[in-house]
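By convention here, the first residue in the shown sequence is residue 1.
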Amino acid sequence: MKNIYKDSWKVLKLHSLLTVPFILYLYFISISMTRSQSAPSKSIFLVFIITGFLLTVCFFAGWFYMAKNAVEDYNHIKENGINPQKDYAFDNLKLFFSGVGEYFIPIAFALILYIIILSLFMYGIYIIGNHLIGGFPITYSQLKLISTNPVEANNIISTLNQSQMMQLSAWSFLFMSSYLFYSYSTMFYYPALFNKTKNCLKAFFEGFIFTFRNIKLTLVLFLFYILSKTILSVINSIFASNFLLSTASLLIIVYFAAYWIIILFYTYEQKENYSIDRSDSFGKK
């Protein structure tokens with residue numbers, strides 16, 4: 001198990017420029033989302049949303065293609081040794097637009113499918129919650145205020161009685177646990193899309209089956225991701241008031257995101273293409 005983390009870190013160090021597209025994506029998507037909030041009309045707002053979606057598709061297509069190539073590079077190095085004349089980081093970065101060209105359409109359909117299935121899944125959870133918990137204790141407009149305004153959140157919550165507070169806690173737990181389950185179930189969706197099939201529906205089921213076929217391994221990886229993300233979120237919130245520290249924490253988050261993607265692609269590639277009897281990372285205890 002530990003070799004997954006160690007080997008994935010070696011892959012990232014060798015392909016350190018994998019972080020560059022993510023930094024640029026965060027920059028441009030933040031500009032797009034910020035300006036969308038002050039859009040003069042719904043049509044302009046829709047343009048910003050579509051722009052954000054297309055930007056995300058381009059980023060995923062190129063970035064995941066780079067991750068796939070980085071893992072392939074590392075496997076080649078393990079078998080044949082490192083090539084001192086090759087700049088692995090820069091050569092991998094140059095593949096970004098090749099990935100966009102090859103995977104733009106599969107990623108676009110994959111994202112749409114992911115959102116549709118997530119929406120249907122959460123709607124089903126909502127119906128179940130209505131039967132088990134009862135009606136949601138706050139209105140949709142109040143929920144929007146809670147998510148955007150901490151002061152209003154305290155005011156709204158303070159108006160709830162004990163029974164409503166228990167209902168709100170139950171709903172929060174239900175939605176959070178359901179979303180975590182969905183995230184866990186689909187964590188190998190994109191590795192399957194890039195390594196197994198470009199058909200988004202097949203990739204969805206391939207990733208789902210892979211996750212539960214290797215449930216001990218994937219569950220440990222997912223818990224590692226949740227724990228790491230929680231720690232990084234706490235650190236980021238603590239350093240939010242200091243520009244230098246907040247910038248440093250953001251860079252750590254970027255590197256962790258790249259590291260996590262490498263872990264997913266490396267794990268999928270190893271488990272799908274190497275048998276347990278071979279002397280690979282999974283064959284070692």
**Asked** What class does the angle between the rings of Phe22 and Trp63 fall in, given that below 30° is parallel, 30 to 60° is tilted and above 60° is perpendicular?
**Response** parallel
**Request:** Give a yes or no on whether the ring-centroid distance for Phe59 and Phe28 is below 6.0 angstrom.
**Result:** no
**Nearest-0.5 Å distance that lies between atom CD1 in Ile262 and atom CD1 in Ile4** = 13.5 Å
**Fill in**
Residues Asp7 and Tyr266: closest non-hydrogen pair is OD2-OH, 2.7 Å
**Message:** Does Trp171 form a ring-ring contact (aromatic ring centres under 6.0 Å, His included) with Phe175? I'd like the steps, not just the answer.
**Reply:** CA-CA 6 Å; Trp171 272 108; Phe175 279 132; 5.3 Å; yes
**Asked** Say you draw a straight line from OG1 of Thr267 to CG of Leu264; how long is it, rounded to the nearest 0.5 Å?
**Response** 6.5 Å
**Asked** Under the side-chain hydrogen bond (donor to acceptor under 3.5 Å, both in side chains) rule, what pairs show up with a residue in residues 235-256, not counting sequence neighbours?
**Response** Asn236-Ser249
**Message:** Using the ring-ring contact (aromatic ring centres under 6.0 Å, His included) criterion, which residues pair with Phe173? Sequence neighbours excluded.
**Reply:** none
**Message:** Using only atom types and a distance under 3.5 Å, with no angle test, would you say the side chain of Asn195 pairs donor to acceptor with the backbone of Pro191?
**Reply:** yes
**Asked** With under 30° as parallel and over 60° as perpendicular, where do the rings of Phe64 and Phe265 fit, or are they tilted in between?
**Response** tilted
**Message:** If I compare all heavy atoms of Thr34 with all of Ser30, which pair ends up nearest, and what's the gap?
**Reply:** OG1-O, 2.6 Å
**Prompt:** Quick one: CD1 on Ile107 to SG on Cys58, what's the gap to the nearest 0.5 Å?
**Reply:** 10.5 Å
**Item:** Shortest non-hydrogen separation from Leu12 to Ala258 and the atoms involved
**Value:** CD1-CB, 3.8 Å
**Prompt:** Same cluster or not: are Tyr259 and Leu217 linked, directly or through other Ile, Leu, Val, Met, Phe, Trp or Tyr residues, by side-chain heavy atoms under 4.5 angstrom apart?
**Reply:** yes
**Message:** Could you tell me if Glu269 and Asn75 have a donor-acceptor pair between their side chains, going purely by distance under 3.5 Å?
**Reply:** yes
**Prompt:** Relative to the ring of Phe194, is the ring of Tyr65 parallel (under 30°), tilted (30 to 60°) or perpendicular (over 60°)?
**Reply:** tilted
**Request:** Identify which one of Tyr184, Phe188, Phe205 satisfies the ring pair (Phe, Tyr, Trp, His ring centres under 6.0 Å) criterion when paired with Phe212.
**Result:** Tyr184
**Prompt:** Which word best sums up how the rings of Tyr189 and Phe204 line up, parallel for under 30°, tilted for 30 to 60°, or perpendicular for over 60°?
**Reply:** perpendicular
**Asked** About how many Å separate OH of Tyr88 and NZ of Lys13, when rounded to the nearest 0.5 Å?
**Response** 15.0 Å
**Item:** Partner of Tyr190 under ring pair (Phe, Tyr, Trp, His ring centres under 6.0 Å), chosen from Phe60, Trp260, Phe210, Tyr103
**Value:** Phe60
**Rounded distance [0.5 Å steps], CD1 in Ile209 versus OG in Ser185** = 12.0 Å
